[in-house]
Amino acid sequence: MPFAILNEFSPFELTEGVIFSIFATIIIACALGVITVRNPVYAVLLLVIAFFSSAALFVMQGAEFLGLLLVIVYVGAIAVLFLFVVMMLDIRFVARAKLQRKHLQLALLVAGLLLFELLAVVIIDQPRERADNKLTTSASQVTASQATANQVSANQVSSSQVAASQVAASKKMIAKPTVGLVKDILAKKIREEELAREEAAKGLLDNTTELGLLVYSEYLVIFEIAGLLLLLAMLGAIVLTHRKRDDVLRQNISTQHTRDEKARLVDIEPRSGV
Amino acid sequence: MIVAIPLLPLFASIIVGLFSRRMGAALALFITCLFMIIASILAISLFLSVALRGFETTITLAPWFTVGNLSIAWAMQVDTLSSVMMAIVCVVSTLVHIYSAGYMQDDASLPRFMAYLSLFTFFMLALVSANNLLQMFFGWEGVGLASYLLIGYWHHKDSAARAGVKAFLVNRIGDFGFVLGICATYKMFGSLNFSEIFAMVPDVLGEELVIFNWRFEAITAISLLLFVGAMGKSAQLGLHVWLPDAMEGPTPVSALIHAATMVTAGVFMLCRMSGLFEYSETALATITLFGAATAFFAASVAITQNDLKRVIAYSTCSQLGYMVLAVGLSAYSAAMFHLTTHAFFKALLFLAAGSLIHALSGEQDMKRMGGLRSMMPLTYLLFWVGVLSLAGIPIFSGYYSKDIILESAWASHTIVGQVAFLLGNISVFLTAGYATRMIIMSFHWLPRFEEKLMERVHESPPAMSIPLLLLAIGAISSGFLLKDWFVGEGSGNFWRASIFVEDYHTALQDAHHSPRWVEVLPLFLSVLGIAAGFLCYQIFTSLPARLARILRPIHQFLLEKWYFDKLYNLLFLRSAFSLARALWHGVDEKTIDALGPDGISTVARRLGERLRIMQSGYVYHYVFAILIGVVVFGAFAIAQRL
Amino acid sequence: MPSLLSSLLPVSLAHYLFLSTSLFVIGLIGLFLNRRHVIVILMSVELLFLAASMNFIAFSAALGDLSGQVFALFILATAAAEVTIGLAILVVYYRNRASIAIHDISDLKG
Amino acid sequence: MDNWPLLSTIIFLPLLGAGLLTLIRGRENDIALAAKSTALWVALSNFALTLGLWYSFDRQQEGFQFVESKSWIASSGISYSVGVDGLSLFFVVLASFLTVLCILASWRSITKRVRDFMAAFLVLESLSIGAFLALDTILFYLFFEGVLLPMFYIIGIWGGERRIYAAFKFFLYTFLGSVLMLLSIISLTWIGGTTYIPELMNTDFSIGLQRVLWLGFFVSFAVKTPMWPFHTWLPDAHVEAPTAGSVMLAGLLLKMGGYGFLRFCLPILPDASQFYAPLVFSLSAIAVVYASLVALVQEDIKKLIAYSSVAHMGFVTAGLFANNATALSGAVMQMISHGLVSAALFLCVGVLYDRAKTREIKAFRAIVQPMPAYARLMLVFTLASIGLPGTSGFIGEILTLLGVFQASPATAFALALGMILGAGYMLHLYRRVFFGPPAAMPDKLYDLQTRENFVLISLVLPVVWIGLYPAPLLNIITPDILPIIATAGH
């Protein structure tokens, strides 16, 4: 009864396993393709497929915001960029330099070793992993069910709390003299945030909002730096590739505004001639 | 006033030396001779006062330096020994000063020569009058310097310059022994002043001196080291090579330095340190042997020499042998007596030879002389005086001083004494032989020099002949006049404390009543020698040539001065130079530099080159390196967890 | 077969780790083995970034802690920045040297 | 007036002078002349100050005088403290005296970058005087190392053909040595608790520790003196250095090695010095004989004199470790006399080099004809270098010999042998250069000018004066040696 074990797992797990294996094979295949295929265009396309499938995996794991982001950023921007560059630079199909036998063996050996080590880390943790895993999956179910159960009770509780906090906030408000409009807006913002955090705690919100909450509270600074990084990259690219090309008409604002000495307003007496 | 004696020549030499450029020859001569005459008058009066009235004193001029327990001062110790020497030095030096006025008058830089002569006299007087070993060493090296300057006076002659250096170096080898002797004395006695040393000798007798972890009996070691110093200065066998070459210098120099004064400094030092030498039998024995050997060696070589001045030089060497021999037999006063008489007749011989050479305008080879008997009668006569006193004929001074030495050799009744007696007598015969050969070859026969020199041959001018006459008088009279003072009955209270003789060394006292034949033998041998000389060179002139052919090896051996020069050149000079080159290139460049700085720098450069290849510029090499790093790190991490 | 299946089926953290590791190794090999031109290097770097973010996501899912995803986001940002600069350099290099074959680019030699 | 920091002024006046030089403006040769005269005036005034120091130095007072001490790096207790005693006084006077002579000697022979040359010399003077006066180990090390820099430039810029090689070799050789010394100094301060030398002098360290520390000091000072195996930098440095450079190198830098032994190894590590004395004796014996032999076959006059310096310093090191008053004061006298004599010899070679632009012995013959005055002065210095009585060389050598013979007669034999060889190579040199049949010498061998005459005569006077009457110097040196002997004695 080969399929006896099937009933061991819930239908949900089954589908998940199938989807995962499909996508995993696609990614590995495309990755191998990227590094082996001769024509760079094919390489880029394979890269795109790999990104797509990994985005799918992300979504499967509940990180749909990132998955979609992956699709937009990687596939949309980076892959296109690659294509653009590949097309622009008419890269000739250079014959792959013959790989000496000795190099290949050494490379494979090292790669194999590396692979083994990484897997070893995985395998060694496996036994404990498996145990916790079971635990987590079952736990996740448990939490899922509980979540729904206490959701209902949470609502009653939270509403009373909300009321109480509003009262407290307002009391606070009255105590301090109203300094100005800004203060009111800020206070409102803080209250909303507290409200959102309570709901996140209850695990109700979807991935994006949760992510947003997290990013804009704890990782705010790092997020700014990431933004800065991107700005820097953009500037860098421009500076690097910018060329002054004189065969292109260009407008030079500053020269236009300067006064030309020769052209001057002159008062002429009537009938005296210039 | 006593202090003036050494300082006068010093001032003369400084005045003339500094202004030698602007000063004319006459003025220079006048100053130096005047100062010297005053000094010699003072010296003679001092000698008389010391000898007659027993005057004795030590004058400290100025402190030299004091370090820890060693305090040395510039001082003059006036006692019989030093006053005798001062008198001889001053007298002979003055005569030489006057003589060189005539001999060197056509020399361009006469002031410089006179300055050097006075400088030499100062150093000699400083040496003689020293009351401590360091001041004696000061005079010792100063005299060496003066002889270097004077030998190399005609520095345009390469041979003269080389002879000067050779003289200084061989003297320096002697000084090597002297300095170590001084150090040993300082170690043993803690002081360098003679009075303190002689006082402490008894309680240092048993002490030992450890050098190269060999144990030496202290007194013997010190005496032998000091004797090495004396050997260097008095040209004893082994360190005599510089004396014949020193004849490169002008003849007055040879007369003053290499006959009368400097070479006798060694003998003087031995007599001065008699208080120390008396306590070491081995030292005295070695000194006697060396003296006898030198006497015989020099006499044997002198016979074959053809250069007039070299013959006289070897005769000086031989007479010095006699003096050292006498010292070895602890007959110090006999040595001093012979030193005094020798100073006169040897200076006479040299200056006479000088006027001969002057007349022949520089010709020194006896084979190209001859027939001068009629042309230069006075010099011929004076030459005979010198030869006869050298040979030891009774009236002349040589007889008295040489005979007493040979008698004391016999009277010492030691094996060493007998050997000395034997060698001494053989050398007497040889001395008489070469002396007569010398006078015949240079004065008799027919003139063998070119015609054009003939009319220029003339009797030497008064400036040269007066000193000769004075010296002749001294050569004749000094014998019997000073006999009883120096070695006679009165010698006891004459020498007083300056010479110390152990009471069981009675060689000198017994010498007076030694058997008849011992007194007569030397006389007989010298007469025989003169006869042999006449026989070979006056009558059968072909005999010497035939003899030389028959005894070819011996003749050659003697002609080559017992091959000492060749031996030293090979053994010391050439090996020193090759060792030096080996050390310079081999050790300095090849090992120390190769291992040290150059070695390290080349290794660093080679290592750098090999490392450079690592940076190939290819990205994948770097990635590969990263990979390996990761793998290694991973392995390490896993090993941790297992 | 059953044990294999059972090990395969419940998609757990290990599977994702396995996937991202192999992806990472492939990226490295791409970097190392490629003899063609620089573009492939950039692509392999992309793969590395992808593997890293996958790892983050896997752990964030397993541990239920969102910060993993935040970091994945940042990796995304850096990857994007890196590629832009890489391509810019590539373009400039091509403009000067007219070829971007691997074996030419070795000027920074020791 | 008495609280005027005399020592600090002596140290930093030349430095100030060097600074002053940089302010000069104007045309090329104006700068040169102005630089030379200001440098001369600064050096002269500093020399006057040192003479004042000597005059006001009173012999009765034990230990260091004119001590100034201000805290420098308070945290680790390092203080800027300077003081002078009998041992260091004469080196300071020698330093300022030689600087004046160097400036005078290179008045016309240095043409390019005269201002920097003069500045380098003033800096060299102040650093070396600082080293002699420093009473703080770290301060001493600072000056000891600092001296290398100006010397490196002097050899490197104004030197001969292989100057770069020589400059580097000199610098790295000495530097490597003194790095080990730094280790010893640090551990000394660490264990001794203080960097103040007088205190270190009477703290006693354990035997084992002393032996290790001593080695550190030994290597550095051995390279600097130079002792036998570490001497190969000296001939190259001397041959390539300009005349004035060699004078300072021989006159000053070599003394620092000896002074270092005297200030550090003997008083602070007495038992180790006793323990290693046989080693030093054998090395010095080898140095004397080896260097004299090698000097015999040199073709270049300067190299010959360089090797003679190695031989003379062999005397010094032997004397220093003989552990008795005569030997130590002899070593100090030998250092002072070597400073004067070798400086004079190098100046003489400089005179020849300025005229004939070569230092090969073969190039010269019968120099006495065209240059009699020069020949006479050179003779005096040759005799002083041989150690003829009546010159300072003799005092140094005889005292060292007397002292060393008491400690180890074998070494005294080698040293005395060195005296013979010394006479050998010096007179051999003198004969080949000055005597011999008159040859066609280059006509520009004119005799000494007034300036050169003045410089050389101002060196002859002290050499002969010390030779005849060294008492004033010895009376100052000996009292300060007795404590060193005492500590070693117990």
Peer 1: Below 4.5 Å, heavy atoms only, C-beta onward: do E210(A) and Q69(C) meet side chain to side chain?
Peer 2: no

Peer 1: For chain A, which of V25(C), L42(C), L76(C) has the most heavy-atom pairs under 4.5 Å?
Peer 2: L76(C)

Peer 1: Of the backbone (N, CA, C, O) and the side chain (C-beta and beyond), which part of L240(A) lies under 4.5 Å from a heavy atom of chain C, both, or neither?
Peer 2: both

Peer 1: Go through L47(C), L23(C), I57(C) and name the one with the most non-hydrogen pairs under 4.5 angstrom from chain A.
Peer 2: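 With the most close heavy-atom pairs to chain A, the winner is I57(C).
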
Peer 1: To check you understand the geometry: which heavy-atom pair defines the closest contact between L214(A) and V70(C), and what is its length?
Peer 2: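 Nearest heavy atoms, L214(A) then V70(C): CD2-CG2, 3.7 Å.
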
Peer 1: Check whether V239(A) gets within reach of chain C through its side chain, its backbone, both or neither, counting any heavy atom under 4.5 Å.
Peer 2: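 Neither part.
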
Peer 1: Report the residues that fulfil side-chain hydrogen bond (donor to acceptor under 3.5 Å, both in side chains) with S67(C), sequence neighbours left out, ordered by chain and then residue number.
Peer 2: D65(C)

Peer 1: Select one option (side chain, backbone, both, neither) describing which atoms of F56(C) are under 4.5 Å from chain A's heavy atoms.
Peer 2: neither

Peer 1: side-chain contact (heavy atoms from CB on, under 4.5 Å) with S53(A): which residues, sequence neighbours excluded?
Peer 2: F23(A), I26(A), I27(A)

Peer 1: Which heavy atom of A237(A) sits nearest to which heavy atom of I85(C), and what is that distance?
Peer 2: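 Smallest interatomic distance, heavy atoms only, reads N-CD1, 4.0 Å.
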
Peer 1: For I26(C), is it the side chain, the backbone, both, or neither that has a heavy atom closer than 4.5 Å to a heavy atom of chain A?
Peer 2: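 I26(C) touches chain A through backbone and side-chain heavy atoms alike.
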
Peer 1: Out of V83(C), L87(C), V91(C), which one racks up the most heavy-atom pairs below 4.5 Å with chain A?
Peer 2: L87(C)

Peer 1: Are F49(C) and E82(C) packed together at the side-chain level, in the sense that at least one heavy-atom pair is separated by less than 4.5 angstrom?
Peer 2: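 In contact.
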
Peer 1: Looking at S44(C) and G27(C), what are the two nearest heavy atoms and their distance?
Peer 2: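 Of all heavy-atom pairs spanning S44(C) and G27(C), the closest is CB-O, 3.4 Å.
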
Peer 1: Looking at every non-hydrogen atom in both residues, tell me the closest pair between V40(C) and I35(A) and how far apart they are.
Peer 2: CG1-CA, 4.4 Å

Peer 1: For S53(C), is it the side chain, the backbone, both, or neither that has a heavy atom closer than 4.5 Å to a heavy atom of chain A?
Peer 2: both

Peer 1: Show me the donor-acceptor pairs, under 3.5 Å and distance only, between side chains in residues 56-84 of chain A and residues at least two apart or in other chains.
Peer 2:
none

Peer 1: In terms of heavy-atom pairs under 4.5 Å, which option from A72(C), S22(C), A58(C), A79(C) contacts chain A the most?
Peer 2: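 Greatest number of close heavy-atom pairs with chain A: A58(C).
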
Peer 1: If you take all heavy atoms of A80(C) and L230(A), which pair is closest and at what distance?
Peer 2: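 The answer is CB-CD2, 4.1 Å.
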
Peer 1: When heavy-atom pairs shorter than 4.5 Å are enumerated against chain C, which of L32(A), L231(A), I19(A) gives the highest number?
Peer 2: L32(A)

Peer 1: As an exercise: rank T78(C), L73(C), I89(C) by heavy-atom pairs under 4.5 Å with chain A and give me the winner.
Peer 2: L73(C)

Peer 1: Under 4.5 Å from any heavy atom of chain A, what part of L63(C) do you find: side chain, backbone, both or neither?
Peer 2: neither

Peer 1: Considering all heavy atoms of both residues, which atom of A43(A) and which atom of V34(A) are nearest to each other, and what is their separation?
Peer 2: O-CG2, 3.5 Å

Peer 1: Just to be sure I understand the criterion: a residue of residues 217-225 of chain A counts if one of its heavy atoms is under 4.5 Å from a heavy atom of chain C. Which ones qualify?
Peer 2: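 Counting heavy atoms that sit under 4.5 Å from chain C, the residues of residues 217-225 of chain A involved are Y219(A), I222(A), F223(A).
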
Peer 1: Please tell me if the side chains of M54(C) and L17(C) come closer than 4.5 Å, counting only heavy atoms from C-beta onward.
Peer 2: no

